[in-house]
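One structure is given here, and the rest of the page talks about it.
We use all heavy atoms of the structure for the numbers below, so side chains are in, but hydrogens, waters and symmetry mates are not. Here the structure is a predicted model, which means the values were calculated and not measured.
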Amino acid sequence: MIDKIERLFQEIKDIHASNAEELEALRIKYLSKKGEINALMTDFRNVAADQKREVGMRLNELKQQVQEKIAVLKQSFEAKDNGTSHLDLTRTAYPIAFGTRHPLSIVKNQIIDIFNRLGFTIATGPEIEDDWHVFSSMNFAKDHPARDMQDTFFIESNPDEISKNILLRTHTSSVQAREMEVRKPPIRVICPGRVYRNEAISYRAHAFFHQVEGLYVDKNVSFADLKQVLLLFAQEMFGPDTRIRLRPSYFPFTEPSAEMDISCNICGGAGCAFCKGTGWVEILGCGMVDPNVFEANGIDSHVYSGYAFGMGVERIANLKYRVNDLRLFSENDIRFLKEFQPAY
């Protein structure tokens, strides 16, 4: 037994490997279950009792030396070729491709920037809301169609006690209600956020979209103030030659109410397929805050007045970038998103 161990000591001094296959062959030869070290371990039971101590120590030394030798060979082999030998390390680093903001984020930030410069601050609120902040505080009647399941995603519906309904907000007006609850006038805020409506998804509609709503409450606020702010916004967003027009409309939370059109930024008002030959494109709804909304939210409507407006971010993005399919904004198609890569 001692003679075999000493022979292997001499043998392993001269072993070498030039590639991974040769190194694996050495490992199998000496350290596998059928290898020479394991064979000696099996024969150890036949060693005389008075020799077991000496033979056992030398056998353990042999196994340890073989393991160390193979580890050294492996390390030296990997140092020669670690998979980078084909690389030219003198070259400059590969350029890192810059990402880009989502087109809706670009447009939303532009809208926020314009109204920030007009004195509006940002207000946010939860997307999972209660009936009071989404509907009741905004002067929606109990039988208003917007409360129907066809338009609203209800999480908890309680027909007997509507105020306990929990739902996904259908507009960011709920943030306006929360602001009026906790702040005293003057209030001048914009409320950007995602909203949800139970609609069939198509190229012109989606179950979720993004809004930016605005609210200004103070003494002696007039419709003329609203018109001037919206004109400045339109000209900042679409160009100084942009014209606006206000058409009478109806919203539960404003009175009087209006829808605002801008002169088509594609044809300049001459008439095209986008504006359906009219020269005008609708972009938002607006109006003077209904006194019932003030009273529901703890503001004296005899002292204060105000205006509110709301627009869809997707609508503004469509006008700026001429995107003809609303679904592209939420599909994360890298080919579409690369179109908004900034130029450096």
Side-chain angles (χ1 to χ4, degrees), residues 111 114-115 118 120 134-148 151 170-174 176-177 180 187-188 190-191 195 197 199 204-205 209 211-238 241-265 267-272 274-297 299 301-302 304-316 318-319:
I111 296 171
I114 293 171
F115 283 107
L118 294 174
F120 289 80
V134 176
F135 294 128
S136 298
S137 66
M138 289 288 110
N139 200 36
F140 281 78
K142 291 184 178 182
D143 58 351
H144 195 283
R147 296 176 183 269
D148 196 285
D151 296 314
T170 59
H171 49 199
T172 54
S173 300
S174 57
Q176 298 180 22
M180 286 187 283
I187 302 171
R188 193 195 300 255
I190 52 172
C191 313
V195 298
R197 295 182 187 175
E199 296 185 8
R204 57 182 300 174
F209 54 99
Q211 283 187 335
V212 175
E213 296 197 17
L215 173 70
Y216 177 41
V217 181
D218 203 349
K219 296 179 180 178
N220 302 316
V221 177
S222 69
F223 202 97
D225 298 322
L226 169 62
K227 180 179 179 181
Q228 188 61 33
V229 164
L230 295 181
L231 175 61
L232 289 172
F233 162 73
Q235 292 179 341
E236 285 287 318
M237 179 61 72
F238 298 105
D241 296 329
T242 303
R243 294 172 292 126
I244 69 170
R245 73 176 184 182
L246 296 171
R247 295 178 287 103
S249 187
Y250 167 77
F251 304 109
F253 35 84
T254 54
E255 179 59 38
S257 303
E259 291 180 348
M260 189 181 92
D261 303 331
I262 62 167
S263 53
C264 181
N265 63 322
C267 65
C272 64
F274 190 84
C275 63
K276 299 179 181 179
T278 65
W280 297 94
V281 180
E282 177 191 341
I283 65 167
L284 59 83
C286 60
M288 300 301 294
V289 179
D290 193 295
N292 291 334
V293 174
F294 281 145
E295 298 299 334
N297 290 282
I299 295 177
S301 62
H302 296 93
Y304 296 100
S305 57
Y307 61 71
F309 57 85
M311 68 190 78
V313 179
E314 282 85 348
R315 180 64 170 170
I316 305 299
N318 279 340
L319 289 172

Please assess Thr254 against Phe309 for the test side-chain contact (heavy atoms from CB on, under 4.5 Å), listing each intermediate value before the final yes or no.
-> CA-CA 9 Å; Thr254 54; Phe309 57 85; over 6 Å; no
To the nearest 0.5 angstrom, please state how far the CG atom of Asn297 sits from the OG atom of Ser136.
-> 10.5 Å
Looking at CD1 of Ile111 and CD of Glu236, how far apart are the two atoms once the value is rounded to the nearest 0.5 Å?
-> 13.0 Å
Show the numbers, then the answer: is there a ring pair (Phe, Tyr, Trp, His ring centres under 6.0 Å) between Phe140 and His171?
-> CA-CA 13 Å; Phe140 281 78; His171 49 199; 5.7 Å; yes
Rounded to the nearest 0.5 Å, how far does CD of Gln228 lie from CG of Leu118?
-> 9.5 Å
Donor-acceptor contact present, side-chain Ser257 to main-chain Gly287, <3.5 Å = no
Do the side chain of Asn139 and the main chain of Pro252 share a donor and acceptor less than 3.5 angstrom apart?
-> yes
Residues Phe253 and Ser173: closest non-hydrogen pair is CZ-OG, 4.4 Å
Considering only distance and modelled atom types, tabulate donor-acceptor pairs under 3.5 Å from the side chains of residues 275-286, sequence neighbours left out.
from, atom 1, to, atom 2, distance (Å)
Thr278, OG1, Cys275, O, 2.7
Thr278, OG1, Trp280, N, 3.2
Thr278, OG1, Trp280, O, 3.1

Heavy atoms, side chains only, cut-off 4.5 Å: are Phe238 and Ile316 in contact?
-> yes
Please report the closest heavy-atom contact between Ser222 and Asp225, naming both atoms and the distance.
-> N-OD2, 2.9 Å
Okay, side chain of Glu295, backbone of Ser301: is any donor-acceptor separation there less than 3.5 Å?
-> yes
Within-4.5 Å side-chain heavy-atom neighbours: Phe209 and Val313 | no
Say you draw a straight line from OH of Tyr216 to CD1 of Ile187; how long is it, rounded to the nearest 0.5 Å?
-> 11.0 Å
Stepwise side-chain contact (heavy atoms from CB on, under 4.5 Å) check, Gln176 with Val289 = CA-CA 11 Å; Gln176 298 180 22; Val289 179; 5.8 Å; no
Taking all non-hydrogen atoms of both residues into account, name the closest pair between Met138 and Ala177 and its distance.
-> CE-CB, 3.9 Å
Distance, nearest 0.5 Å, that separates CE of Met180 from CG of Leu215 | 5.5 Å
Nearest heavy-atom neighbours spanning Ile244 and Lys227 = CD1-O, 4.0 Å
Please check if the side chain of Thr172 supplies one atom and the backbone of Cys191 the other of a donor-acceptor pair under 3.5 Å.
-> yes
Is there a side-chain contact between Val229 and Tyr307 (heavy atoms, below 4.5 Å)?
-> yes
is_close_aromatic(Phe115, Phe233), centroid dist under 6.0 Å = yes
How would you list all residue pairs meeting salt bridge (Lys or Arg N to Asp or Glu O under 4.0 Å) that involve residues 248-264, not counting sequence neighbours?
-> Arg245-Asp261, Arg247-Glu259, Arg247-Asp261
